[in-house]
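Here the structure is laid out as structure tokens; the discussion comes afterwards.
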Amino acid sequence: SANPDVRTHPQRIIDTGSYSAGFGMRMWLLCVLLLSLLSPVSSTADSKAITTTLTTKWVDTPLLLEASEFLAEESQDRFWDFVEANQNIEGEHDGTDQAYYELIVKKAGALLSSVQLNMLKFALSLRAYSATVYSFHQIASTEHPPDCSAFISVHGEKSCDPESLARLLKTAPERPKPYLFKGDHRYPGSNPDMPVVVLYAELGKPGFQKFHQVLTSKVNEGLAAYVLRHYVAKPNKNKVYLSGYGVELAIKSQEYKAKDDTQVQGAEVNATVIGENDPVDEVQGFLFGKLKTLYPELKEQLKELRKHLVESTNEMAPLKVWQMQDLSFQTAVRILAAPAVDALNVMKDLSQNFPTKARSITKTVVNSEIRKEIEENQKFFKGTLGLQPGDSALFINGLHIDLDTQDIFSVLDVLRSEARVMEGLRSLLIESPYIHDILKLNVQPSDSDYAVDIRNPAICWINNLETDHKYSSWPYNVQELLRPTFPGVIRQIRKNFHNLVIILDPTQENAAELLSVAEMFYANNIPLRIGLVFVVSDEEDIDGMQDAGVALVRAYNYITDEVDSHSAFEAVISMFNRVPIGGKLSVGDVVKVLEKRFPYVEVSSVLGADSSYDSNRKQGKAYYEQTGVGPLPVVMYNGIPYQREQLDPDELETTTMQKILETTSFYQRAVYLGELATDHDVVDFIMNQPNVVPRINSRVLSTSRTYLDLSNT
């Protein structure tokens, strides 16, 4: 009910895409399947629920191995500590799934905090690391494993006997080393120059323990590099049940055959999906779970009463219009009235079985205070986040989770990331009430990209989103950034939010490719302001008829003066279109295009040594040298230089579009907090950010930082 603090991730787009959660004349039943980790899904005799299961194509994987992969993501040290503690767990539990699970949680609890342990339980219930474990099994299958529970592979030679390791190590240099994957687990202290021993075994089994002890001793002696890959010799034939998926059943949709579904065949009927033993099994206001707990001696009578009430209320009779006016308010009241520990289960029950619960909900009285609070929330969220009444939104520590694009696994990643930050703050002895305030801070990341100022006359801007007629139909108000859109949609707003600057030497071979990408952005109305900096000779008396770079700059300046910058850019593209693949721009290419477009002009007067179209030729090279952005060509987004590998044409296009999407969240936050308004100069706002510097000096602006550990250790 309180106003949330909306916090944006540096690389997250705040799109308040949402789904309708309102209930109306057309009712939908959402059956969300919650798959139990340890218990099979079943339906009781008195349930007419539709039960669905989704399974993977791969076989079940041991939970112990999945838990080890969870710890590996925390750190490799914790992974190997977990391995040491679980070399052989046979005999440590009674063989049941419950005991096996509890043992894993207990063992992991010695290495994890309480918050991390909860994350592990969540990950295990989702089977989030089952695919990772099975990928190791697939790698093992390509090795043509021998018929044993654990084996080693030393440069392609395999053995099931730990005693043969010494012999295999001696002959290993004669064979090529194996390819190691990013996810492989390398034992700490392994010498990469030594022979690589890959162990394929199942953690927790006797076979693993024998090999592990021999291998660790060899590593400690400096004789081998030890790599562990999970391998289950006799996998379980069962499939893995998929969590995080649901099935939607449309009730009485026009696409279905009309049928009277109020008459249920059979003696046993039940209007609810929840089983009779569920603690929140509510029928007509009776909480039978509570009643059975309070009066265990009346269990059979309560069962009969419950059955009678279910049968008497099984008809889904139509509701009057006046009965539906407050249905969503009444549902909220019913959820809030439940005990705190049962509130989520009650909400799930009402949502999934709404058609059968609706009539009893209409009898709920809505408190005026609750009605006022909900209406105030609706008004507030509509004004700040664009959420309409009935829409839904999810926030984790103020981070907006887009319900249209996120799934339960990405939510797990967000939770783990937030937990790491919060635990780091707690290690500094910061009290819990202040942690949320600190999380709201817009902290500059340590690996932040430095930018240079792009407010320089040396940059020849091809377009201007704020003044060009081409973009006159686009909205001008920065509040448009907060309007909900579909995921991945780039907002077309008449503001210079996104600025692409290309610094190039026209005589280099790759100049044509970069300019073609810029032309593609311009032609497709991408909301991108494009600028060019030509780095050519800065000599005083240079003849453009002898130097192609100087000729291009003077031709560009002439066409800009005579027509406009867009026409000049088109002419430059035409000049490069004349250059053969692998060739370089020549003076002849410039002359041909200039003569074709301006047949009445004397070319030597434009390109020659006495040309009057030489205004910013020297500034281009001076700007390039002053910024220190590295070897040519250079492409910058809002002043931030791209990496060399991102200058490939296909990669440049993808990276630029991604940067536009990522930066949108930064602008949304600024608009939301009132830091950026419609009457502000957007480019000035960008250039006043703390990461903008006059010159990028790698010695001064090194991103590697040294920290003093002030945590409570």
Side-chain angles (χ1 to χ4, degrees), residues 4-21 30 32-35 37 54-58 61 63 66-67 69-75 112 115-135 182-183 240-248 344 347-348 351 385 387 391-424 436 439-440 443 445 447 484-490 654-655 657-666 668-669:
D5 297 306
V6 178
R7 182 163 63 90
T8 61
H9 190 278
Q11 296 183 346
R12 190 181 300 286
I13 311 157
I14 311 179
D15 274 336
T16 51
S18 51
Y19 65 89
S20 175
L30 181 63
V32 180
L33 178 64
L34 298 177
L35 297 171
L37 174 64
L54 296 171
T55 58
T56 60
K57 293 182 178 181
W58 63 86
T61 52
L63 290 181
E66 294 180 29
E69 288 301 316
F70 177 92
L71 281 126
E73 277 200 1
E74 293 295 326
S75 75
L112 299 172
V115 175
Q116 291 171 324
L117 193 61
N118 286 333
M119 295 298 168
L120 171 63
K121 293 176 182 178
F122 188 25
L124 291 178
S125 67
L126 294 178
R127 307 304 300 271
Y129 293 93
S130 179
T132 306
V133 172
Y134 190 72
S135 66
K182 183 180 178 181
V240 178
Y241 285 108
L242 289 171
S243 297
Y245 296 86
V247 176
E248 185 181 85
L344 285 176
M347 183 169 69
K348 182 186 73 173
S351 301
L385 300 176
L387 288 176
D391 287 353
S392 299
L394 174 63
F395 293 87
I396 297 176
N397 275 354
L399 271 177
H400 179 248
I401 307 299
D402 192 333
L403 298 169
D404 289 330
T405 58
Q406 304 288 340
D407 57 29
I408 194 68
F409 301 100
S410 60
V411 169
L412 172 61
D413 292 338
V414 173
L415 288 172
R416 291 187 70 181
S417 174
E418 291 298 299
R420 290 190 189 104
V421 176
M422 295 176 72
E423 290 206 313
H436 189 65
L439 287 173
K440 287 188 293 180
V443 181
D447 58 346
T485 63
F486 290 105
V489 172
I490 295 177
T654 304
T655 304
M657 299 299 283
Q658 187 64 33
K659 283 181 179 291
I660 292 174
L661 290 172
E662 290 173 357
T663 313
T664 301
S665 63
F666 165 73
Q668 285 173 322
R669 175 187 171 86

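Quick caveat: nothing in here was measured; it's all calculated off a predicted structure.
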Can you tell me how far CG of Leu120 sits from OH of Tyr129, rounded to the nearest 0.5 angstrom? 9.0 Å
Tell me every residue that passes salt bridge (Lys or Arg N to Asp or Glu O under 4.0 Å) with Glu423, counting only those two or more places apart in sequence or in another chain. none
List the residues meeting side chain to side chain contact (heavy atoms under 4.5 Å, CB included) with Ala419, not counting sequence neighbours, and say none if there are none. Val115, Met119
Can the positive tip of Arg416 be found less than 6.0 Å from the middle of the six-membered ring of Phe70, inside 45° of the ring normal? yes
Determine whether a donor-acceptor pair (N or O, by modelled atom type, separation under 3.5 Å) exists between the side chain of Arg669 and the backbone of Thr664. no
Could you go through the side-chain contact (heavy atoms from CB on, under 4.5 Å) check for Trp58 and Val240 one step at a time? CA-CA 7 Å; Trp58 63 86; Val240 178; 3.7 Å; yes
State the CG-CG distance between Leu63 and Leu124, to the nearest 0.5 angstrom. 5.5 Å
Side chain to side chain contact (heavy atoms under 4.5 Å, CB included) with Leu394: which residues, sequence neighbours excluded? Ile401, Leu403
Interatomic distance, Asn118 atom CG to Leu415 atom CG [nearest 0.5 angstrom]: 10.5 Å
Taking the side chain as everything from C-beta on, heavy atoms only, tell me whether Thr61 gets closer than 4.5 Å to Arg127. yes
Does Ser135 reach the main-chain N or O of Thr132 with its side chain, forming a donor-acceptor pair under 3.5 Å? yes
For Tyr134, check side chain to side chain donor-acceptor pair (under 3.5 Å) against everything at least two apart and list the hits. none
Of all heavy-atom pairs between Leu117 and Leu112, which one has the smallest distance, and what is that distance? N-CB, 4.1 Å
Partners of Glu69 by salt bridge (Lys or Arg N to Asp or Glu O under 4.0 Å), sequence neighbours excluded? none
Taking the side chain as every heavy atom from C-beta outward, state whether Lys121 and Ser125 have any pair of such atoms under 4.5 Å apart. no
Which residues share a side chain to side chain contact (heavy atoms under 4.5 Å, CB included) with Met422, sequence neighbours left out: Asn397, Arg426, Ile435, Leu439
With a 4.5 Å cut-off on side-chain heavy atoms, are Leu412 and Leu126 touching? yes
I want to check something: taking the side chain as every heavy atom from C-beta on, are Thr655 and Gln658 in contact at a cut-off of under 4.5 Å? no
Ser351 side-chain N/O to Met347 backbone N/O, donor-acceptor pair under 3.5 Å: yes
Pairing residues for Thr654 by the side chain to side chain donor-acceptor pair (under 3.5 Å) criterion, not counting sequence neighbours: none
Which value, rounded to the nearest 0.5 Å, describes the distance between Ser665 atom OG and Leu661 atom CG? 9.5 Å
